[in-house]
Structure formats: C-alpha cells, structure tokens
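What follows is a set of notes on a single structure, which appears directly below.
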Amino acid sequence: MKMIRRILIATRGEIAVRIIRACQELGIETIQVYSEADRNSLPVELASCSICIGPARAAESYLKASALISAALTKKADAIHPGYGFLAENAEFAELCRQHNLCFIGPQPDVIRLMGDKITARKLAGKLGIPLVPGSKDPVSDVGEALAIAREIGYPVLLKAAAGGGGRGMRVASNDGEIKRAFENAQAEAVVAFGDGSLYVEKYLGEVRHVEIQVLGDGNEVVHFGERDCSIQRRHQKLIEESPSPAITGDIRALMADAAVRLARHVGYQSAGTVEFIFDEKTNQFYFIEMNTRIQVEHPVTEMVTGVDLVKEQIRIATGESLRIRQEDIKFKGHAIECRINADDPENNFIPQPGFITRYIVPGGPGIRVDTHAYQGYTVPRYYDSMIAKVIAWGRCREESLARMRRALDEFKISGLTTNIDFHRSLLKHQRFIDGNYHTQFVEKQLPRFQKEVARKVDNILFAKKSRQDTLPAR
C-alpha cells in the first residue's frame, strides 16, 4: 500500500478547490499548480503550497505534461490528482506519472486508453450484451465513408470524436448535403480539443434523456451510486443535473446500473468513473454511449444523495486500499439538483464574459452546497472554461430540492460580469421542467422564450434602479 502525504493538483477552478478540501480532511498536503493567469486564484490561496507551471494558454501550462511532472518532483509530491479536463483522461500522462514513481489518482493507463476510445468502448459494451445506438463499428476515414454509413442507418446522424468528451467534436447531420460540413467541423474541433481527429457515426436520437451511472472500483470489485440525469444541456454542454432522474423507473435503473457495473468490472476499473447512456422514454430502452474515466463535474449531486465523498474514495483507492463500501451499504436519500453557473451571456449566444467580479454573495442555508473558485475581487480569465460555480440543492423530495434551488439562485449575487443565473431561474420555472418532462433538446427548443424572459428581467432591474435614483433626495 502506497503512503500518500502530498498531492499535486494538476487542474484548476472549482474542482481544484474540491480536491484541496478532501485532502485537508485526510491530512494530506496539497501542491496547486497554476498558470500566470491563475496566480490569484482561490486554489492557490487554499493549497499548502503552489507552483507556477507556465503562461496562460493551457497548451503551455495545464496541458504540458513535462511541466506538471517537473513541478511534482520539485515539490516532492507522492501523487497527482488530475481532476477533470486537461490531462485527466490522458493515458500517456498517467503512464508518465508512474514512470516517475508518482501515483496517478485515477484508473490504470491501459483502462483509460481502452475506455477513452469510444469505438473500442462501444465494441466492448456490445460484447457484454449492453445495448448500443446503431452506428459505425470503427472510426470513419473520410466523408465518403461517413456518408455511406449515414445512408445505411438513416438520418439524422451524429458525428462524434472517438477521443472526445464534454460535447466537443460533435455535429449533427440531417441529410447528405450536411455531412461534409459536419464531418469537417467535428474533425477540426476534435483535433484542437483532443489532438485526435478520429470520428465515428451513430444514429442521432433527438428527444432522449442523457442518464449516467456513477461507479467506483478498486480493480476487483465495483459498486454504483445510482444515476444522474444530465438532459438539460445546450450544444451537448450540460447545464443542470439531478439525481435521481425523474424519468427512470426502478426496473430500468437496476438494468442500467447492472450494465455499468459489469462493464467497469470487466476492465478491472480502479477509481471513480461514469458510464453514460441515453434513454428513450418512447421505447423504454437505454443505450450505452461512453465511459468517462475521471471524476465528473456533476459528482456533487451523487454525494448529496448518498453521503459518500467520492474524491476521498478516489484517493484511498489510489493508495491500494480495497473498497470500503459494499453495494448494500449505499443508501439513497432525497433528491439533489445542480446548476452550473457560468460567466456567459444567454442573450448573446452564451458568449463567455470574463472580467472582474465586483460583488460576490454566495447562497447558503439548509440543503445548499456551492462549489466555486471565484470570490469578490477575482478576475475570471478568458483562457479557460466559463464555469465559475456549481450550486447544488438537496431536499427530501424533488419539490423541496427545486424550491431550495430557486431560493439559492435568488440569493446568489454576482456583479461586474454577465452570468447565466437569470437563465437558470427562468428554466426552473418552466412547467415542463417542474414536471420533470424534458429531454436533451429541451433547452434548444425553448431558448427564445428563456432569452426573452431573461432580457425582460434585466430591463425591469435597470428600470427599478433608475426609479430609485430618481427618488433620492438631492444633496
């Protein structure tokens, strides 16, 4: 069993803060790496020590494996936690860590490689009898091959990066005329995001649910922590997640969880991971789409309904500990919802809005958790993802968690830059969301309405401010 006394955190933002807090509770020292743009970030303030690894651009800092390894060795780290994003699912980086006697807090490099390639993962899932969306068995080499497969399985189709994740390298084509542009755009984006332009083609099922199962394995045993419904998304980027899903029945939940556990156990999975499915309510059928071999952005909703600290468990497993949790020990209590708070402008095509935060009041009270790396006086840099916080609301039932989330969003005050808080407020008041009757295309189809409501709210706030100013006594 490997003793871990000091962990280098090879990521940034709220997940870095989350890892630091888990380490503090375990009595482990933390080393926070940072780019020049993140010099004044909250993780740097909270970690035991910190070290600059390069310029603002991720390619020259957070994505530079040699800089991370050098920092870990310089600061005498025992392990590296990659969080999510950047090099978290990079098998070569995981191997490099182990070559330098650094414990990589995540699955084995061969498992990352196996499950990180969507084509290989699909083939493996198919061999285990897990349902798959119709599509290509291997990466497609050119537009002509993509066109032939699209005609065979029928439009619309989804072109998807084989090494992708997070909604990048994905395009939908509805006919022959759209295939060429979709292929070129998806491939170009995949090369930039993952350094790999391999694509595959699958049948695009539009109005479905995106449901994922959280698993934890020690290389021998695997347990699951139920599902998260991630169907509220825009352009394949998740906005809201909740657990349990309003659409999943007990029978489907059991079948989906069994499929996830069988897949993870088959590859000897070690660490936290997520097996993702789409669920078609019309046919009551689910299909495997991919596995993410890392901690997920939305892991707090699972922690809130199970009471298990997934990051601590990741660290314990990385030391060589066996699972301390049996499936029968995992109890599900209540309902949790997470809203991702982004510095972007919903009225202007969600363009990121980096800038200086002049006011930052974080919500609290019963059932509310906020994971954030921002604070009053912090400058949100323009070089990275626009997410600045996650608000998680827990309640004894879905209605209570929704009520608490609405309260929390009303309490959250951010000035100095534009955020999507008002957009979330509008979305959570929509009757279909209240009823749990939504799908992955819901936001796109309702977007004009949400944007109008946000714009109207902003106009009302500005009018109210002007009215108050007009009534102030002259000095």
Side-chain angles (χ1 to χ4, degrees), residues 13-14 230-235 237-242 297-298 300-301 336-365 367-376 378-380 382 385-393 395 398-399 401-436 438 441-469:
E14 51 77 30
C230 307
S231 305
I232 296 294
Q233 49 187 257
R234 179 179 176 273
R235 293 182 179 175
Q237 296 287 327
K238 299 168 186 174
L239 295 171
I240 294 179
E241 302 91 9
E242 60 180 310
V297 176
E298 58 272 22
V301 294
I337 298 174
E338 175 181 284
C339 288
R340 301 189 187 193
I341 307 304
N342 300 329
D344 59 30
D345 186 359
E347 290 184 74
N348 192 18
N349 203 31
F350 292 83
I351 292 175
Q353 300 290 309
F356 183 75
I357 298 176
T358 58
R359 185 185 187 211
Y360 197 74
I361 301 175
V362 176
I368 299 300
R369 165 179 167 178
V370 180
D371 285 15
T372 183
H373 63 284
Y375 56 88
Q376 187 167 308
Y378 174 66
T379 298
V380 178
R382 61 184 176 87
D385 185 88
S386 65
M387 188 173 70
I388 54 177
K390 300 181 305 197
V391 181
I392 306 96
R398 188 170 186 265
E399 291 72 21
S401 64
L402 273 173
R404 286 177 168 175
M405 179 60 81
R406 293 190 194 99
R407 170 178 61 78
L409 293 174
D410 286 342
E411 289 180 13
F412 211 157
K413 309 296 182 186
I414 304 177
S415 301
L417 44 73
T418 304
T419 74
N420 64 348
I421 291 177
D422 284 338
F423 180 82
H424 278 298
R425 287 195 189 104
S426 177
L427 202 156
L428 263 62
K429 291 176 182 176
H430 195 291
Q431 190 59 50
R432 288 203 32 201
F433 183 83
I434 293 170
D435 294 339
Y438 57 83
Q441 296 299 300
F442 175 73
V443 170
E444 299 287 357
K445 293 186 175 182
Q446 298 291 326
L447 189 56
R449 167 184 167 170
F450 294 139
Q451 288 174 324
K452 286 179 183 177
E453 290 182 4
V454 170
R456 185 165 59 247
K457 186 177 179 82
V458 170
D459 288 343
N460 290 341
I461 291 171
L462 293 175
F463 178 77
K465 285 183 177 178
K466 185 177 185 304
S467 297
R468 285 196 299 270
Q469 291 169 354

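The side chain to side chain contact (heavy atoms under 4.5 Å, CB included) test with Val380 is passed by exactly one of Asn342, Ile414, Ile388, Thr419: Ile388.
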Is there a side chain to side chain contact (heavy atoms under 4.5 Å, CB included) between Ile341 and His424? Walk through the geometry before answering. CA-CA 8 Å; Ile341 307 304; His424 278 298; 3.9 Å; yes

Criterion side chain to side chain contact (heavy atoms under 4.5 Å, CB included) on Val362 and Val391, from CA distance to verdict: CA-CA 9 Å; Val362 176; Val391 181; over 6 Å; no

Evaluate the side chain to side chain contact (heavy atoms under 4.5 Å, CB included) criterion for residues Leu427 and Cys339: first the C-alpha distance (whole Å), next the side-chain angles of each, then the deciding distance (0.1 Å), finally the verdict. CA-CA 11 Å; Leu427 202 156; Cys339 288; over 6 Å; no

Test side chain to side chain contact (heavy atoms under 4.5 Å, CB included) on Glu444 and Arg235 and set out the steps. CA-CA 8 Å; Glu444 299 287 357; Arg235 293 182 179 175; 3.6 Å; yes

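With a 4.5 Å cut-off on side-chain heavy atoms, Leu428 and Ile240 count as touching. The side-chain heavy atoms of Leu239 and Arg340, taken from C-beta on, include no pair separated by under 4.5 Å. Between Gln376 and Arg359 there is a side-chain heavy-atom pair separated by less than 4.5 Å. Residues Ile337 and Arg404 are not in side-chain contact: their nearest non-hydrogen atoms beyond the backbone lie 4.5 Å or more apart. Lys413 has its side chain out of reach of Ile421: every pair of non-hydrogen atoms, C-beta onward, lies at least 4.5 Å apart.
We find the OG1-CD distance between Thr372 and Glu14 to be 8.0 Å, quoted to the nearest 0.5 Å. Note: Arg234 CZ to Phe423 CZ = 8.0 Å, rounded to the nearest 0.5 Å. The CG atom of Leu417 sits 7.5 Å away from atom OG1 of Thr358, with the distance rounded to the nearest 0.5 Å.
Contact record, Met387 with Val297: CE-CG1, 3.8 Å, taken as the closest heavy-atom pair. Between Glu241 and Val301 the shortest heavy-atom distance is O-CG1, 3.9 Å. For the residue pair Pro346 and Asp344, the shortest heavy atom distance occurs at CD-O, 3.3 Å. Gly436 and Arg398 get closest at one heavy-atom pair: N-NH1, 3.7 Å.
For Arg369, the salt bridge (Lys or Arg N to Asp or Glu O under 4.0 Å) partners are Glu303, Asp371, not counting sequence neighbours. For Phe412, the ring pair (Phe, Tyr, Trp, His ring centres under 6.0 Å) criterion is met by Tyr360, not counting sequence neighbours. Partners of Gln233 by side-chain contact (heavy atoms from CB on, under 4.5 Å), not counting sequence neighbours, listed by chain and number: His210, His236, Lys238, Thr440. For Tyr375, the ring pair (Phe, Tyr, Trp, His ring centres under 6.0 Å) partners two or more places apart in sequence, or in a different chain, are Tyr378. Listed by chain and number, the residues in a salt bridge (Lys or Arg N to Asp or Glu O under 4.0 Å) with Arg407 are Glu411 (sequence neighbours excluded). Applying the side-chain contact (heavy atoms from CB on, under 4.5 Å) rule to Thr379 yields the partners Phe356; only residues at least two apart in sequence or on another chain are considered.
Ion pairing of Lys390 with Glu298 is absent here, as no side-chain N (NZ or NE/NH1/NH2) approaches a carboxylate O to less than 4.0 Å.
Heavy-atom neighbours of Arg382 CZ from other residues, nucleotides or ligands within 6.0 Å: at or below the threshold of 12.
In this structure, the side chain of Ser401 does not engage the main chain of Ala336 through any donor-acceptor pair within 3.5 Å. A donor-acceptor contact shorter than 3.5 Å is absent between the side chain of Asn349 and the backbone of Ile351.
No cation-pi contact links Arg425 to Phe433, judged by a cut-off of 6.0 Å to the six-membered ring centre and 45° from its axis.
The distance between the ring centers of Phe442 and His430 falls below 6.0 angstrom.
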